[in-house]
There are 2 protein chains.
Amino acid sequence: MQSIYKGKLPLSPPPKLAVISALDGIGTLVGAKFREHQVDKGQDVLRFGEVPEGLHVLIAGHTCRYRMLGDGRRQITAILVPGDLCDLEAGLRGRADYAVGALTRCLVGHLPADPICDAKPLNQELLAALLIRLRRDEAIAREWMVSLGRRSAIESLAHLFCELRTRLADVGLATEDSYELRITQDDLADALGITSVHVNRALKQLREYGLITLKRGILVMSDRPALEKLALFDPSYLQP
Amino acid sequence: MQSIYKGKLPLSPPPKLAVISALDGIGTLVGAKFREHQVDKGQDVLRFGEVPEGLHVLIAGHTCRYRMLGDGRRQITAILVPGDLCDLEAGLRGRADYAVGALTRCLVGHLPADPICDAKPLNQELLAALLIRLRRDEAIAREWMVSLGRRSAIESLAHLFCELRTRLADVGLATEDSYELRITQDDLADALGITSVHVNRALKQLREYGLITLKRGILVMSDRPALEKLALFDPSYLQP
DNA sequence: CGCACAGTTGACGCACATCAACCTGGGTGG
DNA sequence: CCACCCAGGTTGATGTGCGTCAACTGTGCG
């Protein structure tokens, strides 16, 4: 595991190979030219209601899908890791019913034309690969609903840490028990449906239990089995 | 709006025409022979971890997707209405990471062979139709996450009622302000991530505010605009 | 060196959970 | 046809996990 950011800018080469290989079935994309650009923390990759042009692939950093309620309440509905498609199904048709924002400074690949809808005849392999990703996204969404509805704050937090480790390990960005996580407690709170104050207290608990340490953006699972047990984590939903 | 059930058995013809027409793009399915069978309340249409054979279409009644945690906690991750595919993406490959259960007695259509994966070359229209449904399912899941994480109990309940009205109206099973809803408070609780006692109190509040009545399985929205406002309901996520 | 943002902590309040008792209506069987 | 039965609904009393408010502390960056 290496830091993506040395100093201010992500000038150290992001681990592209692993990420690109994560785009397995979407390999055709790699052939296509896609333009990389940097997005600052807090910026939107896709605004709510926008009709996205093409596809956005996250290459380095973390983005999220989120929705706002009129009075300022925010719910993050997905946290994306390198190799993920930010606006997976938004590109399929119509305007997005969610926004995509950057949780850290990140590097995003942009494919201007939409290769799914534009290609005629439809690229079958691409479509199949897309279906697999849609399916995985939905499985993750289901698991988040379980956390939001039926897990306690500390269980939800532990579960999120376990899920992210698995997903990051899939693209070579996590070891067996650690990874880089530079997301603020405010953002974690909006993902878990609680307040940042309570995220802080739950983190403290996990630390006191000797399950994790989280310092300077590096998460270490000191006792991963115990953490997974506390979280009621069953990774089968993440398998292809 | 007519009752599906007269007496004990759903012998009155379910509103098949509307439901079938809801299968728009999946019209090819209608050509195929699919076997109808009845499922009693509480029975599973698909068990957790099972590899589903073919597809299940809900024709009458309500089913749900749900997940159990080891200690008995349950979270319903989707409520399905006639015209919906119960195991939409489960059929695409592999074992289901959720179960599908009947919330009321229902009528389910079963297509034994999987027309998506088996057909070679892939049926493009069918696939496109399936993508649209996947996309809608995911939009609904996102909105549920917003409810679970950021709406109060009464707002979530109101929102669910609004969502179901829209979805049922799409298949001709709801008027502008009423529909049949024979789901128990226990099931509503597991969908909303709260307890049935609290569902009861939230319902009482909505009744006292003059927004709804719910008697003998008939939900009437006495003041739909006010209900939608309370729920922070924006139906755009349900549009195709 | 100091600003600004993120994290930390304590006191207190509320939404929702828990427990337990009681009600209600429609289905069933004698 | 009535009397029972029991799942589901209703209500009150009390407990608690998380929210709110507010002050303070670290830490990275200009």
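Just so we're on the same page: letters track the sequence lines, and every chain starts at 1. Just so it is clear, the model here is predicted, and its values are computed rather than measured.
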> Could one point to a donor on the side chain of B:Arg201 or the base of C:dT18 with an acceptor on the other under 3.5 Å away?
Replying inline: yes
> How is B:Ser152 classified with respect to the nucleic acid when contacts are heavy atoms under 4.0 Å: base, sugar-phosphate, or nothing?
Replying inline: sugar-phosphate
> With a 4.0 Å cut-off on heavy atoms, is A:Lys41 in touch with a base, just the backbone sugar-phosphate, or nothing at all?
Replying inline: sugar-phosphate
> Is A:Arg73 paired with B:Glu155 through a side-chain N to carboxylate O contact shorter than 4.0 Å?
Replying inline: yes
side-chain N/O [X] vs [N] OP1/OP2, d < 4.0 Å:
X: A:Arg207; N: C:dT8; result: yes
X: B:Lys204; N: D:dT10; result: no
X: B:Thr195; N: C:dA17; result: yes
X: B:Asn200; N: D:dG9; result: no
X: B:Gln185; N: D:dA7; result: no

How long is the line joining [atom1] of [X] and [atom2] of [N], in whole Å?
X: A:Asp187; N: C:dC5; atom1: CG; atom2: C1'; answer: 13 Å
X: A:Arg151; N: C:dA17; atom1: CZ; atom2: C1'; answer: 19 Å
X: A:Glu155; N: D:dG17; atom1: CD; atom2: P; answer: 12 Å
X: A:Arg182; N: C:dG7; atom1: CZ; atom2: C1'; answer: 15 Å
X: B:Glu208; N: D:dT11; atom1: CD; atom2: C1'; answer: 12 Å
X: A:Gln205; N: C:dT8; atom1: CD; atom2: C1'; answer: 14 Å
X: B:Asp190; N: C:dA17; atom1: CG; atom2: P; answer: 11 Å
X: A:His198; N: C:dG10; atom1: NE2; atom2: P; answer: 15 Å

> Under 3.5 Å, is there a donor-acceptor pair between the B:Ser236 and B:Asp234 side chains?
Replying inline: yes
> Parallel, tilted or perpendicular: which describes the rings of B:Tyr237 and B:His159, with under 30° parallel and over 60° perpendicular?
Replying inline: parallel
>> Classify the ring geometry of B:His56 against B:His110: parallel below 30°, tilted from 30° to 60°, perpendicular beyond 60°.
In response: parallel
>> The side chain of A:Ala153 is closest to which nucleotide in this list: D:dT10, D:dC18, C:dA6?
In response: D:dC18
> If you check every side-chain atom of B:Val197, which of C:dT18, D:dG8, C:dT9 has the closest atom?
Replying inline: C:dT18
> Looking at A:Thr63, A:Leu173, A:Leu107, A:Val57, which one forms a side chain to side chain contact (heavy atoms under 4.5 Å, CB included) with A:Pro82?
Replying inline: A:Leu173
> On DNA chain D, nearest-nucleotide positions of B:Ile183 versus A:Arg216: which is more 5'?
Replying inline: B:Ile183
